[in-house]
Amino acid sequence: MAMHTDLEPVPIVPPTAWSPPEIEFWHRIPLPRDITAPDAYLFDILHSRRSLNGGDLDDRSLGSLLWHATQLHERRTDGRFGMWESRPSPSAGGLHPIDLMILPLAVGRAAGMYLDAHHEIGVLASDPAAGLKANADSVQASTPAVCGITIQFVADASRPAACYENWSSLVWRDAGALLATFGLVATALGLVSLPLGRHGTDIIRLMGLDEPFIGVGAVHIGSRRVDNRLNVRETCHCASGTASPSQ
């Protein structure tokens, strides 16, 4: 077991004043609200999960994955730091400081930030070509993947820094929990996932995000042959209107 070398996180009470940094988007692309709902037993998912390479991913599969992995269960304002949230993946203090950047390998697919409050991809105002190439080079240097979509984890470092001293290890813990959540949800949906051994800050800089945003890991998602899928119900339809608020 690795020895703990980081200083112990300590809550800042009351927390430092914080407001979310603004991101400029060129436009927003809606994802399908026709969400696939897996009818799968938890232990079948656990026993079936593997780190595998797959094919390309359609928008419905991507939208279903993002929806299930990030949906908001509850939000309240009575936490240690004021507002806290409950989502499928746990987060220290209920802060959920990690957003998701969508980086497809295929040319012509939408790339940008997942806006789960609207179930859309926000296309960043900067030219994504350099960032997409850097992501493809990173993926193909460590995996056999030539198709699929990378989900880059992007943490707003100012959020945990306003609430904790020595906050870094908490964000990486959150990232690990989120990585596991994506792996299990992908398996349940009949998809495959590959954790990527990188932080990705260099890539998000090329995509146009500066401080306080940092990369805290990534997972690459692909499709799997139909005959390898778990039993999946046809669909469940999302209600029209606003999806779960932002991760």
Side-chain angles (χ1 to χ4, degrees), residues 29-38 40 45-46 48-71 87-89 98-116 119-123 128 131-154 174-200 203-204 207 215-230 232 235 243-244 247:
I29 300 175
L31 287 166
R33 289 178 173 269
D34 195 13
I35 302 296
T36 300
I45 298 171
L46 288 171
S48 300
R49 201 219 66 79
R50 298 288 188 277
S51 294
L52 297 171
N53 175 45
D56 207 1
L57 202 64
D58 60 39
D59 286 344
R60 181 186 178 209
S61 296
L62 175 63
S64 297
L65 175 72
L66 295 170
W67 180 277
H68 289 301
T70 68
Q71 61 182 298
R87 294 177 181 273
S89 177
I98 299 176
D99 289 303
L100 306 173
M101 179 178 282
I102 310 304
L103 301 171
L105 295 190
V107 176
R109 296 288 299 274
M113 303 299 294
Y114 177 53
L115 309 176
D116 66 328
H119 198 51
E120 296 174 339
I121 295 177
V123 178
L132 290 174
K133 182 181 185 305
N135 175 67
D137 290 345
S138 172
V139 170
Q140 292 166 4
S142 58
T143 78
V146 294
C147 299
I149 293 176
T150 303
I151 300 175
Q152 172 67 49
F153 299 165
V154 179
D174 284 7
L178 188 59
L179 181 68
T181 299
F182 268 100
L184 294 174
V185 173
T187 299
L189 291 173
L191 307 172
V192 295
S193 62
L194 281 169
L196 301 179
R198 74 182 198 209
H199 55 75
I203 292 171
I204 70 171
M207 291 294 295
V216 287
V219 59
H220 193 73
I221 307 293
S223 61
R224 184 165 60 182
R225 294 193 306 272
V226 172
D227 58 353
N228 284 339
R229 295 190 176 198
L230 297 174
V232 174
T235 60
S244 58
Q247 169 107 341

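Count residues from 1 along the sequence. Every heavy atom of this structure was used, including side-chain atoms; hydrogens, water molecules and symmetry mates were not.
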Exercise for the section: Give a yes or no on whether the backbone of His199 and the side-chain of Gln152 come within a donor-acceptor separation of less than 3.5 Å. Expected result: yes
Exercise for the section: Without swapping roles, check the side chain of Arg109 against the backbone of Leu57 for a donor-acceptor pair under 3.5 Å. Expected result: yes
Problem - Minimum heavy-atom distance Ala177-Ser89, with the two atoms named - result: C-OG, 3.3 Å
Exercise for the section: Determine the minimum heavy-atom distance between Ala145 and Gln140, stating which atoms define it. Expected result: O-CG, 3.2 Å
Problem - Donor-acceptor pair, side chain of His220 and main chain of Cys147, under 3.5 angstrom - result: yes
Completion exercise
Taken to the nearest 0.5 Å, the spacing of Ser64 OG from Leu191 CG works out to 8.5 Å
Completion exercise
For Ile203 and Ser138 the tightest heavy-atom approach is CD1-CB, 4.2 Å
Handout entry: Step-by-step side-chain contact (heavy atoms from CB on, under 4.5 Å) determination, Met207 to Leu103
Key = CA-CA 10 Å; Met207 291 294 295; Leu103 301 171; 3.8 Å; yes
Handout entry: Side-chain donor/acceptor of His119 to backbone N/O of Pro32, under 3.5 Å
Key = yes
Problem - Result of checking Thr70, Val154, Asp174 against Ile98 for side-chain contact (heavy atoms from CB on, under 4.5 Å) - result: Asp174
Handout entry: Nearest non-hydrogen partners of His68 and Pro88, listed with the distance
Key = O-CG, 3.4 Å
Exercise for the section: Give a yes or no on whether the backbone of Asp34 and the side-chain of Arg60 come within a donor-acceptor separation of less than 3.5 Å. Expected result: yes
